[in-house]
Amino acid sequence: MSRRDRSAGEVLVRRLHAEHGAALLAYATRLSGDRAAAEDIVRQTLLRAWSDPAALSAERGAVRARLFGVLREVAGAPADPLQMLGAVGTLPPEEREVLNQLYVQGRDVKEAAASLGLPAETVKSRSYQALRRLREALAAGVTTGAA
């Protein structure tokens, strides 16, 4: 790899971290339950982005969504979308909406709370409960039932 390519890669990683680092770290922390492990997962995710920047081009889909997909792989989270959809489908609607605000919309707790008209503590509690239920559903092998 040339010096110019390395430099462009470093700029890419810094930009990705500035734009998505906080959301990636929050998600990795929730997946791993450990802040130090989460920081390592985010580093590995960004290293993968650096090693294959073409995979993150806008033509291949939303960069944030692709980063979260890489992060799930790095963290060892389920990669099967049907398994994840099935598990999400087991959640109460209010917990699904909190996860949507935090992980799909990329909002922080305060922003999600304002959007949902809830106290921040309620958003945190629902997020915690939703992630706990997701882990249990995924461990039990819940699927959508589709063949």
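Hydrogens, waters and symmetry mates are skipped; everything else that's a heavy atom, side chains included, is used. Starting from 1, each residue takes its place in the sequence as its number.
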When rounded to the nearest 0.5 Å, the distance separating CG of Leu46 from CZ of Arg15 is 11.0 Å
Distance from Leu116 atom CG to Thr122 atom OG1, nearest 0.5 Å?
-> 10.0 Å
Between Arg96 and Gly89, the two heavy atoms sitting closest are NH1-O, 3.7 Å
Between the main-chain N or O of Leu25 and the side-chain N or O of Thr29, is there a donor-acceptor pair closer than 3.5 Å?
-> yes
Spacing of CZ belonging to Arg48 relative to CD belonging to Glu73, to within rounding of 0.5 Å | 5.5 Å
Give a yes or no on whether the backbone of Ala28 and the side-chain of Ser32 come within a donor-acceptor separation of less than 3.5 Å.
-> yes
Identify whether the distance between the nearest side-chain nitrogen and carboxylate oxygen of Arg64 and Glu19 falls below 4.0 Å.
-> no
If you round to the nearest 0.5 Å, how far is CD of Gln129 from CG of Leu134?
-> 11.5 Å
For Glu94, the salt bridge (Lys or Arg N to Asp or Glu O under 4.0 Å) test, sequence neighbours excluded, returns none
Quick one: does Val63's side chain get under 4.5 Å of Leu16's, heavy atoms only?
-> yes
What is the distance from atom CG of Leu131 to atom CG of Leu91, rounded to the nearest 0.5 Å?
-> 8.5 Å
All heavy atoms of Leu71 vs all of Thr45, minimum pair found to be CA-OG1, 3.3 Å
Check whether any side-chain heavy atom of Glu95 sits under 4.5 Å from a side-chain heavy atom of Leu99, and report yes or no.
-> no
May I ask you to decide whether Arg133 forms a salt bridge with Glu136, counting only side-chain N to carboxylate O separations under 4.0 Å?
-> no
Which pairs of donor and acceptor atoms, one on a side chain in residues 105-113, lie under 3.5 Å apart (sequence neighbours left out)?
| from | atom 1 | to | atom 2 | distance (Å) |
| --- | --- | --- | --- | --- |
| Arg107 | NH1 | Gln101 | OE1 | 2.3 |
| Arg107 | NH1 | Ser115 | OG | 3.4 |
| Asp108 | OD1 | Lys110 | N | 3.1 |
| Asp108 | OD1 | Glu111 | N | 2.8 |
| Glu111 | OE1 | Asp108 | N | 2.9 |

Identify the two heavy atoms, one from Gln44 and one from Val74, that lie closest to each other, and give their separation to 0.1 Å.
-> OE1-CG1, 3.4 Å
Does atom CZ of Arg132 have more than 12 heavy-atom neighbours, drawn from other residues, nucleotides or ligands, at distances under 6.0 Å?
-> yes
CZ of Arg126 to CD of Glu121, rounded to nearest 0.5 Å, is 13.0 Å
Does anything in residues 83-122 pair up under ring-ring contact (aromatic ring centres under 6.0 Å, His included), and if so which pairs, sequence neighbours excluded?
-> Tyr27-Tyr103
